[in-house]
Structures are given as C-alpha cells and as structure tokens.
Trainee: 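Structure provided below as structure tokens; questions to follow.
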Amino acid sequence: MQTATAERRKIVTKIPADPAKAARFDPNRPLRVAAYCRVSTDLDDQLNSYETQKAYYTEYIRKNPKWRFAGIYADEGISGTQVKKRESFLRMISDCENGKIDLILIKSVSRYARNIVDCISYIRILKSLGIAIYFEEQNINTLTEDSETYIGIYGVLAQAESENISANIKWGIRKRMESGSYNCNFNLLGYRRDKVTKEIFIIPEEAENVRLIFDLYLSGKSIVGIMRELTQRNILSPTGKATWSRRAIDTLLSNEKYRGNSTASTARMSGDPHSKPRDRYLFQEHHEAIVDEKTFIAVAEEKKRRSNIESDENGIRRKKTRYVAK
C-alpha cells in the first residue's frame, strides 16, 4: 500500500509589471513636471503674486534638462479650505491619474491645502501612483518615508491659520454690523455702489422702473400682469433679460432697500447660504430711498391681503377665497 503521494511539481509564471506604471519608477527617465499655484483673493497684490508664480515655475521647469514641462495649474481667488471649488487642482489630480504628470512643484503646504483631511488624502492618492509633490518652502518630497509626518504638522498649522483668519474676519464684520458701518450688497435694480468711495447712488432710469412696479401692484395688477406690462414696455429684468420672472418681481416688492433700509445676517459669514442665522441686523435710513415709506407699507399690506394663506391663534391655513386681478 502506497503511504505517500508523489510530490507535485510547482509551476511558477512571472507576470511582468505594467510597463506604464513601472516606467514611473525608472530613475533615469525624464520627469514630466507640473506646478500648482493658488492665491486666495483677487486683490491686485495677490494677482501679481499669481502671475509671478506662473512665470517663475514655467521658467524653472523648462531650464532643467531632465524635466519635461507638463503645465501650470492655477486657481485664482479660490480658498484652500474646500478642494471641490478648485477646478484646476482637481484637473491636475485627474491628469496625474491619467499618467500625464510625474512630479508636482508647489510653493508651500498652505498653497496646496488649508484642510488637513484633503491635504493628506490627495498626497496618499498621488503617492500610490508614484507621483511626488515637492514643497519648496518646507523642502519636503512626499515620496520620502517621513514626509507625511511633517506635512501633517504643516497642514494642521495652515488649517489653524485659516480658521483664525476666518474668525477675525467674521468678528470684524459683526462689529461693523453692530456699528452700522457694514457695506451691504447693493448690486440690484435702481442702485449701485461706487467701487472707490463705497457710496451708494441711485440709477434714475432704473429707479423709475422700480416705482412703476410698485404702482402697478397697488393699482390691482397681479405679478403675472406686471410681467406682461413690463415686457410690453420693453423694460429689461435686473439680469438684462427681455422677460421677467415672478420671483424677481415678488422679491423686488418686498426688498427693504427700496425704502432706504438694509438688512444683514451673520449666517452669510459662514459661507453656507443654508446655515441658520445667528443674528440679524436692520439698518434704518441707511441710504436714499427709491420708494416712500407709505407706498412700501401699502404694498406689504396688499401682498398680505392677496395671500391665500392666513394665520391666527388656531394656526396657519389656506383662505377660502383667492385674489383675482380682474
């Protein structure tokens, strides 16, 4: 009786590495080098820095005989706290994944990202592809073993700096709101703000159109009727279109700015338009009114009268009757 089985011969087949991926780790190959630049505001001095960075990296890459120029990726006037808003940055990552870039040059970690999660996650993505980022100010190459530790430290500092700057800006805005010196947005029909003096002034022909809309509403016309009237008179909408939207007219009729008041909310300071307001400020007699107080209040009361919703001590309900312009 046979007590042992014959030893089977093992067959080993070598599977060559993907040539495209293997080429990335060849130390003798010419590197395709790109640079990433970012400035966080659109102020003149920052824009000059933006153009200076682009020119510097273009020349710096081209003069190295072992490098091949792979492009300059630049985001202008974009914050570093949210990657999803940085189109050039995301395009650069996509080009890396498609094998178009071997090395990325960036001035500093803070120019790369001010969010530590994004900072580390994208470095790891590129590292898995064999693509290095070199931060000039910190002299860090992301392919070295201890790079992530140092980048983590600098990334935390950059995020803390960004949060501190943001907090100071919000504090300054809140104090200006409390003192009444806050410059509210005035890019609306009938008004403009001087870019130099910051003074608010009225556009006479537009102001007449605003008064016309208030008068038409008080004369009994519905919002749809006002839309038709404005179209017949060839009066353009605030966005320059031949036709008006119902929302544009409804919003205009309720805008406090037309009676000389202005409002501001600290919810806008967070950058999230859906965030819950913490404080709201009303600036009365803030600027010259286009519509007098009596007309504005009359329109507000008329809007309430026409509404098919009413409220009392029993709650909110729909009215049994409905306003008809005819």
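This structure is a prediction, so every number in the text was calculated from the model and none was measured.
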Trainee: Sequence neighbours left out, cut at 3.5 Å: what donor-acceptor pairs do the side chains of residues 242-249 make with other protein atoms?
Mentor:
unit_1	atom_1	unit_2	atom_2	d
Trp244	NE1	Ile235	O	2.9
Ser245	OG	Ala248	N	3.1

Trainee: Answer yes when Glu59 and Lys63 have at least one side-chain N-carboxylate O distance shorter than 4.0 Å, and no when they do not.
Mentor: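 So Glu59 does not pair with Lys63 through a salt bridge.
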Trainee: Between CG of Leu252 and CG of Asn209, what distance do you get to the nearest 0.5 Å?
Mentor: 10.0 Å
Trainee: Quick one: does any side-chain atom of Asn255 pair with a main-chain N or O of Tyr258 as donor and acceptor, under 3.5 Å?
Mentor: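 Side chain of Asn255 to backbone of Tyr258, a donor-acceptor pair under 3.5 Å: no, none is there.
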Trainee: Taking atom OG1 of Thr295 and atom CG of Asp215, what is their separation to the nearest 0.5 Å?
Mentor: 6.5 Å
Trainee: Any side-chain heavy atom of Lys66 sitting closer than 4.5 Å to one from Leu31?
Mentor: no
Trainee: CZ of Arg91 to CG of Asp75: how many Å apart, nearest 0.5 Å?
Mentor: 8.5 Å
Trainee: Can Leu126 and Thr142 be said to form a side-chain contact (heavy atoms from CB on, under 4.5 Å), step by step?
Mentor: CA-CA 9 Å; Leu126 298 178; Thr142 57; over 6 Å; no
Trainee: May I have the step-by-step check of side-chain contact (heavy atoms from CB on, under 4.5 Å) for Phe296 and Asn261, ending in yes or no?
Mentor: CA-CA 11 Å; Phe296 190 90; Asn261 296 342; over 6 Å; no
Trainee: Give the minimum heavy-atom separation between Ala74 and Ser88, together with the two atoms involved.
Mentor: O-OG, 2.9 Å
Trainee: Rounded at 0.5 Å granularity, tell me how far OH in Tyr217 sits from CG in Leu212.
Mentor: 15.0 Å
Trainee: I need the Ile131 CD1 to Asp102 CG distance, nearest 0.5 Å.
Mentor: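 Ile131 atom CD1 to Asp102 atom CG measures 7.0 Å (nearest 0.5 Å).
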Trainee: Going hydrophobic residue to hydrophobic residue with side-chain gaps under 4.5 angstrom, can you get from Phe214 over to Leu218?
Mentor: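 Phe214 clusters together with Leu218.
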Trainee: Verify, without hydrogens or angle tests, whether Asp250 (side chain) and Ile223 (backbone) share a donor-acceptor contact under 3.5 angstrom.
Mentor: no
Trainee: Between Ser94 and Leu90 (side chain of the first, backbone of the second, donor and acceptor by atom type, cut-off under 3.5 Å), is there such a pair?
Mentor: no
Trainee: Mind running side-chain contact (heavy atoms from CB on, under 4.5 Å) on Leu216 and Lys221 for me, showing each step along the way?
Mentor: CA-CA 6 Å; Leu216 289 173; Lys221 280 190 176 293; 3.9 Å; yes
Trainee: Donor-acceptor pair, distance only, cut-off 3.5 Å: does the side chain of Asp194 make one with the backbone of Glu199?
Mentor: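 A pair under 3.5 Å: no.
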Trainee: Would the distance check show the side chain of Arg192 and the main-chain N or O of Leu188 forming a donor-acceptor pair, the cut-off being under 3.5 Å?
Mentor: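 Yes.
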Trainee: Does the Arg32 side chain pair with the main chain of Gly71, one donor and one acceptor, at a distance under 3.5 Å?
Mentor: no
Trainee: For the pair Arg68 (side chain) and Pro65 (backbone), establish whether a donor and an acceptor sit closer than 3.5 Å, ignoring hydrogens and angles.
Mentor: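 Yes; judged by distance alone, with no hydrogens or angles, the pair exists.
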Trainee: Cation-pi between Arg86 and Tyr36: NZ/CZ under 6.0 Å from ring centre and within 45° of the ring axis?
Mentor: no
Trainee: CD1 of Ile106 to CD1 of Ile133: how many Å apart, nearest 0.5 Å?
Mentor: 4.5 Å
Trainee: Of all the heavy-atom pairs spanning Tyr73 and Asp95, show the shortest one and how long it is.
Mentor: OH-OD2, 2.6 Å
Trainee: Decide yes or no on side-chain contact (heavy atoms from CB on, under 4.5 Å) for Glu97 and Leu129, but give the supporting numbers first.
Mentor: CA-CA 7 Å; Glu97 293 173 333; Leu129 298 172; 3.9 Å; yes
Trainee: I'd like to check Gln53 versus Ile72 (side-chain heavy atoms, cut-off strictly below 4.5 Å). Are they in contact?
Mentor: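 Gln53 does not reach Ile72 side chain to side chain.
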Trainee: Closest heavy-atom contact between Glu206 and Gly190?
Mentor: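 Smallest heavy-atom distance, with atoms named: OE1-N, 2.8 Å.
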Trainee: Any donor-acceptor pair under 3.5 Å linking the side chain of Asn141 with the backbone of Leu143?
Mentor: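 Judged by distance alone, yes, a pair lies under 3.5 Å.
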Trainee: Run the salt-bridge test on Arg305 and Glu301 with the 4.0 Å N-O cut-off and return the result as yes or no.
Mentor: no
Trainee: Using every non-hydrogen atom in the two residues, find where Ile101 and Ala70 come nearest and quote the distance to one decimal.
Mentor: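 In this case the closest contact between Ile101 and Ala70 is CG1-CB, 4.3 Å.
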Trainee: Restricting to ring pair (Phe, Tyr, Trp, His ring centres under 6.0 Å), what partner residues turn up for Phe201, sequence neighbours left out?
Mentor: none
Trainee: One pair to check against salt bridge (charged side-chain N to carboxylate O under 4.0 Å, His left out): Arg233 and Glu229. What are the steps and the verdict?
Mentor: CA-CA 6 Å; Arg233 297 192 184 202; Glu229 181 77 20; 2.9 Å; yes
Trainee: Please tell me whether Ile125 and Ile104 are part of a single hydrophobic cluster in this structure, the criterion being side-chain heavy atoms less than 4.5 Å apart.
Mentor: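 Per the 4.5 Å side-chain linkage, Ile125 and Ile104 are co-clustered.
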Trainee: Between Tyr191 and His287, what is the ring plane arrangement, given parallel below 30°, perpendicular above 60°, and tilted in between?
Mentor: perpendicular
Trainee: What pair of heavy atoms forms the shortest contact from Thr58 to Phe69, and how long is it?
Mentor: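 Of all heavy-atom pairs spanning Thr58 and Phe69, the closest is CA-CE1, 3.9 Å.
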Trainee: Test of understanding: with side-chain hydrogen bond (donor to acceptor under 3.5 Å, both in side chains), list the residues that count as partners of Tyr56, not counting sequence neighbours.
Mentor: Glu136
Trainee: Between Ile61 and Val33, which heavy-atom pair has the shortest distance, and what is it?
Mentor: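 So the two residues come closest at CD1-O, 3.7 Å.
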Trainee: Measure from the side-chain N and O atoms of Arg211 to the backbone N and O of Ile290, and report whether any donor-acceptor pair falls under 3.5 Å.
Mentor: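 Pair found, side chain donor or acceptor close to backbone of Ile290.
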